[in-house]
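The next block holds one structure in the form of structure tokens; read it before the comments.
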Amino acid sequence: MVVPYTHEPFTDFSVAENKKVMLDALKQIEADLGKEYPLIIGGERITTDDKIVSLNPANKEEVIGYVSKANKEIAEKAMKVADETFATWRKSDPKFRADILFRSAAIVRRRKPEFTAHLVKEGGKPWKEADADVAEGIDFMEYYGRQMLELKDGVNVNSRPIEHNQFNYIPLGVGVVISPWNFLFAIMTGTTVAAMVTGNTVLLKPASTTPVIAYKLMEVLEEAGMPAGVINYIPGPGSEVGDYLVDHPRTRFVSFTGSRDVGTRIFERAGKVQKGQKWLKRSIIEMGGKDTIVVDKEADLELAANAIVQSAFGFAGQKCSACSRAIIHEAVYDQVKERVVELTNELSAGDPYDNTHFLGPVIDQAAYDKITSYIEIGKEEGQLVAGGDGDNSKGWFINPTVFADLDPNARIMQEEIFGPVVALAKAKDFDEAIDIANNTDYGLTGAVITNNRAHQEQAREDFHVGNLYFNRGCTAAIVGYHPFGGFNMSGTDSKAGGPDYLVQHMQGKSTSEML
Ligand code: NAP
């Protein structure tokens, strides 16, 4: 019997002992910097001459690791292995598969400081964010393991007196899992283990900026007893191996988390039936957001300002759930704006190593260029009231930036920036605030700060986002508590860490026996 699921607690780094453990872990992992990591296909370690270089975004001189790089030939080999392994893995006992996840969760929990320290280095995450990322990865393993145990005997259906009917879920086949760099452990782990625990075999292609953490997950799963060939680790450039894997006729489903451009491309390509393909591929696609906090006139304004600042600048705004727009009732607009600016000016961006800055770096030069170009656009479209500058001499740092007085249709109110930039706009009443909140192509997260119950209920019905929060920020969903995923151009309406998630990786089979 497994104990009921509860989420992994966060670490309080204000406790001296916890701080010391973390500093020690950061020192310890320095010995691993610059190591080489092979691909893993069918349990075999494969080294290529061509390497992905993973850098510390807070210090571009520091190489986290040199990772062997898959190309089309290697991807083909991995596909063959995954396809062959599926013949046996699909029949494996779901309890065995769930046990691998419970053991893996225990291993990561034991090595938590090391994993957290690694995310500080490879992802540029401040301690608190890195700790939450590791906790979420553990949660996915614990939660999906339990979900599989619930689904393993199928769902009850009716039988007439002359028959015995059953409805069971069976796996799909080979899944291609393509993950982003921002939740480099949690999302990569969650999407991979969901595909595996449901009886599929997996080709795991992590983001090229953060491939080392995925190698570490492979080691954990192997230690926990995962057979060779079930998950195959094939980092490689999305532009090179991505299309190949998505188009492959033996790919049964694609589980992707990342940008809208790549997500819509995958959705389209996976929809085309290739020569020799005998199924319609399934696509589980999680994309970006343009997430809004609405502030009503009857509201705790201090809470509102804090919710905006925390949600906008946590992990330098590089969360799909980050608050990138606040729509504020005109009666309280000036007060909220002033407080947001005050709170923002208290924050700084810097190397997360010693835990003294609220913001770390952004992930790479391309992100730095994109965000700073949006800051220039913001200067044309609104009033710059905080931040607006950056420094990419050592790492890629951008100061938390606030623009005020935006038109709801301005580009920085519509397009995902994915950095520490928030735009404020005024609404004449609550109805207009909700209309503006809904006026993007996305529908991922949102929050409403209000003490007006009727307005809360109105937002519950009309604010069209997958994750809606009241009187708190719009980030920090917890597995099993806040199933996560968006509407419209934010994805295929699925909910990671929720009760329906695993079923997307399976197909229902009805059997009927005459008695
Ligand atoms: P990205 O550039 O779309 O990359 C995501 C993954 O797709 C990477 O592994 C990337 O590989 C791969 N890729 C690139 N081109 C590909 C292609 N043609 N075919 C197949 N795969 C390809 O996104 P990102 O910058 O890593 O992540 C940030 C985005 O993710 C933001 O838009 C954010 O909102 C979104 N996100 C959404 C959620 C959610 O739950 N809805 C959660 C987290 C992040 P390479 O690294 O090799 O290019």
Side-chain angles (χ1 to χ4, degrees), residues 52-54 57 67 69-72 75 123 133 136 140 176-192 194 203-211 213-214 233-248 251 254-270 283-291 315-324 362-364 366-368 370-371 415-419 440-445 465-467 474-475 477 479 482-498 501:
I52 299 171
V53 184
S54 173
V67 180
K69 195 194 270 187
N71 53 27
K72 285 182 194 158
D133 192 330
E136 190 177 349
F140 277 129
V176 172
V177 173
I178 302 175
S179 58
W181 50 265
N182 67 333
F183 282 86
L184 56 164
F185 183 64
I187 292 181
M188 181 271 302
T189 298
T191 49
T192 302
L203 301 181
L204 166 59
K205 197 218 87 57
S208 294
T209 30
T210 58
I213 186 65
Y233 168 71
I234 48 164
S239 52
E240 193 181 329
V241 292
D243 284 350
Y244 184 76
L245 292 170
V246 170
D247 293 349
H248 202 291
T251 294
V254 183
S255 172
F256 165 84
T257 310
S259 64
R260 173 176 171 174
D261 283 354
V262 177
T264 49
R265 178 189 179 91
I266 290 175
F267 189 70
E268 197 180 328
R269 294 187 81 105
S283 300
I284 306 163
I285 308 270
E286 305 293 336
M287 304 187 289
K290 193 69 193 165
D291 310 303
F315 189 37
Q318 301 173 105
K319 299 182 189 179
C320 51
S321 56
C323 169
S324 57
V362 300
I363 193 70
D364 60 11
Y368 185 88
K370 179 180 170 195
I371 298 161
E415 297 170 20
E416 189 184 44
I417 301 171
F418 219 57
T440 76
D441 291 345
Y442 297 99
L444 190 46
T445 77
V465 288
N467 285 71
C474 59
T475 60
V479 172
H482 317 114
F484 185 83
F487 302 147
N488 296 347
M489 277 299 164
S490 293
T492 43
D493 315 314
S494 68
K495 287 280 182 285
Y501 190 70

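Counting convention: from 1, in listed order, for ligands and their atoms alike.
- Trp181 NE1, 3.3 Å is the protein heavy atom nearest to atom 24 (P) of ligand 1.
- The closest protein non-hydrogen atom to atom 46 (O) of ligand 1 is Ser208 N, 2.8 Å.
- You'll find the side chain of Ile178 stays beyond 4.5 Å of the side chain of Val262, heavy atoms only.
- Thr264 is listed as a side-chain neighbour of Met287, based on a closest heavy-atom distance under 4.5 Å.
- The part of Ile266 lying near ligand 1 is the side chain, judged by heavy-atom distances below 4.0 Å.
- Comparing Ser490, Ala496, Gly242 against atom 19 (N) of ligand 1, the shortest heavy-atom distance belongs to Gly242.
- In this structure, Glu268 places its CD atom where only 12 or fewer heavy-atom neighbours from other residues, nucleotides or ligands lie under 6.0 Å away.
- When heavy-atom distances to ligand 1 are checked against a 4.0 Å cut-off, Gln318 has no atom that comes that close, whether in backbone or side chain.
- Ligand-side atoms of ligand 1 in range of Arg265: 18 (N), range being under 4.0 angstrom from any heavy atom.
- In the vicinity of Pro180, heavy-atom distances shorter than 4.0 Å reach the ligand 1 atoms 26 (O), 27 (O).
- For atom 4 (O) of ligand 1, no protein heavy-atom neighbour is found at a distance under 4.0 Å.
- Between Ile234 and Val241 the shortest side-chain heavy-atom distance does not fall below 4.5 Å.
- Every N/O-N/O distance between Arg260 and ligand 1 stays at or above 3.5 Å.
- Here the side chains of Thr251 and Tyr244 are not in contact, with every heavy-atom distance at 4.5 Å or above.
- In this structure, Gly491 falls outside the shell of residues with a heavy atom less than 4.0 angstrom from ligand 1.
- For ligand 1 and Pro237, the ligand atoms under 4.0 Å from any heavy atom of the residue are 47 (O).
- Of the candidates Ile178, Asp247, Val246, Asn467, the one placing a heavy atom closest to atom 12 (C) of ligand 1 is Ile178.
- Contacts between Asn182 and ligand 1 below 4.0 angstrom, taking non-hydrogen atoms only, involve the side chain exclusively.
- Given atom 9 (O) of ligand 1, the protein heavy atom at minimum distance is Ser179 O, 2.8 Å.
- Here Pro206 has backbone heavy atoms under 4.0 Å from ligand 1, and that is the only part of it that gets that close.
- When non-hydrogen atoms are compared, ligand 1 lies under 4.0 Å from the side chain of Val262 (C-beta onward) but not from its backbone.
- Within the cation-pi definition used here (under 6.0 Å to the ring centroid, within 45° of the axis), Arg260 qualifies as a partner of Tyr442.
- Residue-level proximity to ligand 1 for Phe418 is carried by the side chain, the only part with a heavy atom below 4.0 angstrom.
- For ligand 1, the atoms closer than 4.0 angstrom to any heavy atom of Ile187 are 42 (C), 43 (C).
- Of all the heavy atoms of Ile363, none lies under 4.0 Å from any atom of ligand 1, so neither backbone nor side chain is involved.
- In terms of polar-atom proximity, Thr209 is not counted as a contact of ligand 1, lacking any N or O under 3.5 Å from an N or O of the ligand.
- When each of Thr192, Val67, Leu203 is tested with Tyr233 by the rule side-chain contact (heavy atoms from CB on, under 4.5 Å), just one qualifies, namely Val67.
- Both the backbone and the side chain of Cys320 come within 4.0 Å of ligand 1, counting heavy atoms alone.
- In terms of N/O distances under 3.5 Å, ligand 1 is not approached by Phe256.
- Annotation: Lys319 places no N or O atom under 3.5 Å from an N or O atom of ligand 1; distance criterion only.
- Listed by number with element, the atoms of ligand 1 under 4.0 Å from a non-hydrogen atom of Gly236 are 47 (O).
- For the pair Phe484 and ligand 1, the shortest N or O to N or O distance does not fall below 3.5 Å.
- For ligand 1, the atoms lying closer than 4.0 Å to a non-hydrogen atom of Asp243 are 18 (N), 19 (N).
- Checked against a 3.5 angstrom limit, the closest N/O atoms of Thr257 and ligand 1 fall outside it.
- Sequence neighbours left out, the pairs with a member in residues 488-498 that pass side chain to side chain donor-acceptor pair (under 3.5 Å) are Glu286-Ser494.
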